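The structure under discussion appears below in the form of C-alpha cells.
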Amino acid sequence: MIDIQLIRKEPDAVRSAIDKLGAEAPIDRILQLDQDRRELLQQVESLRQERNQTSEQIGRMPEGPERQELIERMRGVNLKIGELEGRLKGIEAELETALYQVPNLPHESVPVGADESENPVLRQEREPKEFGFRPLPHWELGPRLGILDFERGVKLSGSRFYVLKGAGARLQRALISWMLDLHVSQHGYTEIYPPALVKEQCMWGAGQLPKFAENIYRDAEEDLWLIGTAEIPLTNLHRDEVLEFDQLPLSYAAYTPCFRREKFSAGRDVRGIKRGHQFDKVEMYKFTAPEDSYAALERIVEDASDVCRALEIPFRVVQMVTGDLGFTAAKKYDLELWAPGSQEWLEVSSVSNCEAFQARRTNIRFRRTPKAKPEFVHTLNGSGLALPRTLIAVLENYQQPDGSVLVPAVLRPWMGGIERIEAAP
RNA sequence: GGAGGGAUGGCCGAGCGGCUUAAGGCGGCGGUCUUGAAAACCGCUGUGGGGCAACCCACCGGGGGUUCGAAUCCCUCUCCCUCCGCCA
C-alpha cells in the first residue's frame with residue numbers, strides 16, 4: 001500500500017498519479033475516514049487516560065462511599081469508551097480495506113500511456129535468423145519429437161495442461177538448474193526453496209489480494225493458497241522483520257511451480273504451452289535500501305538479459321507505460337524472447353520495482369544505524385526466467401531442417417552431453 | 001487425529017487482580033575512573049499511533065470476555081515442545 005501520510009498531505013498528487021494508471025481508488029473516502037479516525041482516537045484516549053488515573057486512585061483508597069462513587073462513575077466512563085471504541089474499530093477496518101485497494105503509484109520516469117500498445121521497446125539484442133524453411137510452432141514440433149503431449153495432459157487435468165516427456169522434460173530441468181546456477185554463482189543471489197502454498201495474509205502482503213482473487217487457486221478447507229509466482233513467498237520471507245542496514249541488499253533466487261486460474265485470459269493463448277494453469281519459473285527477488293532500488297531494478301534486467309544472451313536467442317526489453325504497470329509496480333520492464341515458429345515475442349520475464357508498496361503491506365523494515373528509526377525497505381522482483389516460454393523459444397529457434405532440435409551449447413552440461421533432440425524412430 | 005506442557009522486552013528469566021511505571025540477569029550504547037584497555041561504578045537501552053512540543057494512548061502469542069482496575073481470572077484460536085496413533 002502507499003503511505004497514508006502522502007494521501008493526507010498531497011491528495012491531488014495522488015489523484016493525478018492514479019489517473020495516469022487508468023485506475024481508480026477511494027481517495028476521498030480515505031481522507032474522510034482518516035480524519036474521523038483521528039478525532040475519535042483523541043476522544044477515546046483522553047477517556048482512557050481518565051480511567052487509568054482514576055483506577056489507580058481507587059486502588060489506593062480505603063473502602064467507603066467516596067470510593068463507591070468513583071467506581072460508579074468509572075462504570076459510566078467505561079460505557080462511553082466501549083461505544084467509541086466500537087465506532088473506531090469500524091472506521092479503522094474500513095480505512096484499511098480502502099487503503100489495500102489503492103494501487104502503487106508510478107515512478108516519475110515512467111512514460112504515460114493508456115495500455116500495452118503504447119509500451120516502448122527500449123532495445124533489442126540479436127536479429128531473428130533466416131531459417132531457409134518455414135520454422136514450426138512448438139505445438140507441432142514438440143509432439144512430432146515425442147517430447148510434448150497435449151492429449152494426455154488434457155486427459156489428466158483438462159485444458160491448459162500438458163505433459164513433457166523424455167528430452168523435453170529433461171530440457172526444462174536443465175534450464176532450471178542452469179538458470180539457478182547462473183544467478184547464484186554469477187549474479188550473487190542466494191538460492192531459496194520456499195513453500196508453494198501460503199496463508200491468505202501472504203497474498204495480501206504481496207499485493208495479489210484483493211485485486212486478483214479470481215486468479216488464485218486455494219484449498220477449500222485450510223487457509224492455504226497456491227502461489228502464482230515465487231514473488232509471493234519471497235516477499236513474505238522477511239515479514240515483520242527489522243533488517244540490518246549492512247545486510248542489504250538481500251538477493252534471492254527461487255525455483256517454484258506457479259499456479260494460475262487464468263480466468264482473465266479465457267480463450268487466449270489456448271494453443272501450445274504458452275499459458276497454462278501450472279508452470280515453472282525461476283524468480284529473482286531483492287530487498288534494498290530506498291536509495292538503491294532503481295539501480296537494483298536495472299541490475300535485475302541485466303541478470304535476466306544474461307540468460308537470454310547465453311541462450312543466443314533474439315530478445316528485447318520493453319518498458320511498461322503507466323497504464324500497463326499493474327497493481328504493485330512503480331516501474332516495470334518486460335523481457336521478450338523471439339519465437340520464430342509462433343511468430344511472436346514471448347514475455348519470459350517481468351521485472352518490477354515495487355518500492356515500499358509490498359514492504360508496507362508486509363511490515364519489512366531496516367535500520368540505518370542501531371539506534372535509528374526503522375524505515376521500509378524497497379522490494380524488487382523479476383523472472384529469471386519463466387520456463388514454458390523459454391522452452392518454446394529454445395525449441396523454435398534451435399529447430400533444424402530435418403525436424404530435430406539442437407541443444408543450446410550452454411545447456412549441454414546439464415543435458416548429460418546431449419547435443420540434439422531427435423524424434424524416436 | 002488423541003493426551004499433556006508451554007508462549008513475558010534483543011536474549012535468558014520472575015511476576016498474591018491495585019507502589020509493575022513489567023523484578024533480576026545477560027547483551028548493547030553512553031559516562032566516570034585509566035596513558036590505553038579490562039574490571040568496577042553510574043545512567044540509558046522496544047514497537048506502533050495521536051499531538052508533532054511537553055505529553056498521552058495501546059501492546060506480556062492472536063481474538064473475545066469478567067472487573068473501577070488484567071501479564072495475572074474465564075472462553076477461544078494459532079504456534080512450539082513431549083508422548084501415542086497414522087504416514088512418503
Side-chain angles (χ1 to χ4, degrees), chain A residues 1-11 30-100 193-205 218-225 233 236-248 257 356-377:
Chain A
M1 64 181 78
I2 66 171
D3 191 354
I4 178 113
Q5 308 268 7
L6 184 66
I7 300 176
R8 202 184 284 162
K9 284 172 186 156
E10 299 178 51
I30 287 170
L31 286 168
Q32 183 63 52
L33 288 165
D34 181 50
Q35 196 183 325
D36 292 350
R37 185 184 87 90
R38 283 184 291 167
E39 281 174 15
L40 256 178
L41 189 61
Q42 286 182 30
Q43 290 179 44
V44 169
E45 288 194 349
S46 74
L47 285 174
R48 282 205 281 235
Q49 183 181 359
E50 185 186 347
R51 180 181 66 185
N52 287 348
Q53 288 170 357
T54 309
S55 289
E56 200 189 326
Q57 202 182 330
I58 291 170
R60 283 197 300 263
M61 284 173 84
E63 285 291 346
E66 202 181 337
R67 184 182 149 112
Q68 269 322 111
E69 193 185 311
L70 276 183
I71 289 176
E72 281 307 316
R73 217 177 74 207
M74 282 308 102
R75 282 209 183 96
V77 170
N78 256 347
L79 233 54
K80 184 72 181 166
I81 290 176
E83 184 215 327
L84 292 181
E85 278 177 340
R87 271 164 57 193
L88 183 62
K89 212 169 165 179
I91 286 169
E92 286 181 335
E94 199 183 332
L95 179 60
E96 189 182 34
T97 301
L99 278 172
Y100 267 109
Y193 174 78
L197 291 135
V198 298
K199 298 176 186 177
E200 179 181 345
Q201 189 181 11
C202 295
M203 291 291 170
W204 286 92
R218 61 174 176 276
D219 184 277
E221 295 178 0
E222 311 281 341
D223 177 26
L224 284 174
W225 302 57
N236 286 275
L237 200 61
H238 292 294
R239 186 172 62 207
D240 293 322
E241 291 182 27
V242 179
L243 306 168
E244 302 297 330
F245 184 63
D246 51 15
Q247 286 181 271
L248 301 177
F357 186 81
Q358 292 175 324
R360 215 171 265 119
R361 288 173 161 240
T362 45
N363 191 32
I364 302 170
R365 294 167 300 167
F366 74 102
R367 247 188 264 273
R368 286 185 190 278
T369 63
K371 295 242 174 188
K373 201 174 147 69
E375 300 172 50
F376 290 113
V377 298

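Within every chain, numbering begins at 1; the chains are lettered A, B, ... in the order of the sequence lines, protein sequences first and strands thereafter. In this text, all values refer to a predicted model and were calculated from it rather than measured experimentally.
- Scanning for side-chain contact (heavy atoms from CB on, under 4.5 Å) contacts around A:I91 gives A:L33, A:D36, A:R37, A:L40, with sequence neighbours left out.
- In this structure, the side chains of A:R239 and A:Q201 come closer than 4.5 Å at one or more pairs of heavy atoms.
- Distance check on atom P: B:A23 versus B:G46 gives 12 Å, rounded to whole Å.
- With C1' as the reference atom, B:A88 and B:C11 are 38 Å apart, rounded to whole Å.
- Pair assignment for B:A58 gives B:U47, based on Watson-Crick or G-U wobble hydrogen-bonding distances that are each under 3.5 Å.
- Under a cut-off of 6.0 angstrom, the local environment of CD in A:E10 is sparse, with at most 12 non-hydrogen atoms contributed by other residues, nucleotides or ligands.
- The gap from the C1' atom of B:A3 to that of B:G9 amounts to 33 Å, rounded to the nearest Å.
- Here the side chains of A:N52 and A:E56 are not in contact, with every heavy-atom distance at 4.5 Å or above.
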Inset, instruction - Could you walk me through whether A:L95 and A:I4 pass side-chain contact (heavy atoms from CB on, under 4.5 Å), step by step? - result: CA-CA 10 Å; A:L95 179 60; A:I4 178 113; 4.1 Å; yes
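- Pair check for B:C73 finds B:G65; Watson-Crick or G-U wobble, both atom distances under 3.5 Å.
- Of the possible donor and acceptor atoms, one in the side chain of A:D223 sits under 3.5 Å from a partner among the backbone N and O of A:E200.
- In this structure, the CD atom of A:E63 is 14 Å from the C1' atom of B:G69, given to the nearest Å.
- Comparing the P positions of B:A70 and B:G65 gives an interatomic distance of 12 Å, to the nearest angstrom.
- More than 12 heavy-atom neighbours from other residues, nucleotides or ligands sit within 6.0 angstrom of CD on A:E72.
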Extract from the structure each pairing of a protein N or O with an N or O of nucleotides 48-51 of chain B at less than 3.5 Å, listing the distance.
residue : atom : partner : partner atom : Å
B:G48   : OP1  : A:R365  : NH1          : 2.5
B:G49   : O3'  : A:R37   : NH2          : 3.3
B:G49   : N2   : A:E45   : OE1          : 3.2
B:G49   : N2   : A:E45   : OE2          : 3.3
B:G50   : OP1  : A:R8    : NH2          : 3.3
B:G50   : O2'  : A:Q42   : NE2          : 3.0
B:G51   : OP1  : A:R38   : NH1          : 3.2

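- Around the CD atom of A:E66, the shell of radius 6.0 Å holds no more than 12 heavy atoms that belong to other residues, nucleotides or ligands.
- Looking at A:E85 and A:K89, no side-chain N of the basic residue comes within less than 4.0 Å of a carboxylate O on the acidic one, giving no salt bridge.
- Rounded to whole Å, the distance from CD on A:Q53 to C1' on B:C55 is 11 Å.
- Atom name P, nucleotides B:C42 and B:C80: the rounded distance is 43 Å, in whole Å.
- Under the Watson-Crick or G-U wobble criterion, with both distances below 3.5 Å, B:G36 has no partner in any strand shown.
- One atom, CG of A:N363, and another, C1' of B:C59, lie 14 Å apart when rounded to the nearest Å.
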Scan nucleotides 15-22 of chain B against the protein and return all N/O pairs shorter than 3.5 Å with their distances rounded to 0.1 Å.
residue : atom : partner : partner atom : Å
B:G18   : O6   : A:R67   : NH2          : 3.2
B:G18   : N2   : A:S55   : O            : 2.7

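- Legend: ring pair (Phe, Tyr, Trp, His ring centres under 6.0 Å) pairs involving residues 79-100 of chain A, not counting sequence neighbours, sorted by first then second residue: A:Y100-A:W204.
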Inset, instruction - Apply the test side-chain hydrogen bond (donor to acceptor under 3.5 Å, both in side chains) to residues A:N78 and A:R51: give CA-CA distance (whole Å), side-chain angles for both, the deciding distance (0.1 Å), then the verdict. - result: CA-CA 8 Å; A:N78 256 347; A:R51 180 181 66 185; 2.8 Å; yes
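- Looking only at distances, no side-chain donor or acceptor of A:R367 sits under 3.5 Å from a matching main-chain atom of A:E244.
- Taking atom C1' on both B:G69 and B:G17, the two are 8 Å apart, rounded to the nearest angstrom.
- The closest side-chain heavy-atom distance from A:N363 to A:F376 is below 4.5 Å.
- Look at the P atom in both B:G63 and B:A58: the space between them is 15 Å, to the nearest Å.
- Between the side chain of A:N236 and the backbone N or O of A:C202 there is at least one donor-acceptor pair closer than 3.5 Å.
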Legend entry - Protein-to-nucleotide contact annotation, 5' to 3' order, nucleotides 75-80 of chain B [B base; S sugar-phosphate only; - none; under 4.0 Å, heavy atom]: ------
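- Rounded to a whole Å, the CD atom of A:E241 is 14 Å from the C1' atom of B:G10.
- Base pairing of B:U21 is not made with any nucleotide, judged by Watson-Crick or G-U wobble geometry with both donor-acceptor distances under 3.5 Å.
- Applying the 4.0 Å criterion to OP1 and OP2 of B:G10, one finds that A:R367 has every side-chain N and O outside that range.
- Pair check for B:U78 finds B:A7; Watson-Crick or G-U wobble, both atom distances under 3.5 Å.
- Nucleotide B:A53 forms a pair with no other nucleotide shown, judged by Watson-Crick or G-U wobble geometry with both contacts under 3.5 Å.
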Inset, instruction - Just do the salt bridge (Lys or Arg N to Asp or Glu O under 4.0 Å) check on A:E375 and A:R368 with the steps written out, would you? - result: CA-CA 8 Å; A:E375 300 172 50; A:R368 286 185 190 278; 2.5 Å; yes
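- Look at the C1' atom in both B:C52 and B:A39: the space between them is 44 Å, to the nearest Å.
- Within residues 68-90 of chain A, the residues that have a heavy atom under 4.0 Å from RNA chain B are, in order of number, A:I71, A:M74, A:R75, A:N78, A:K89.
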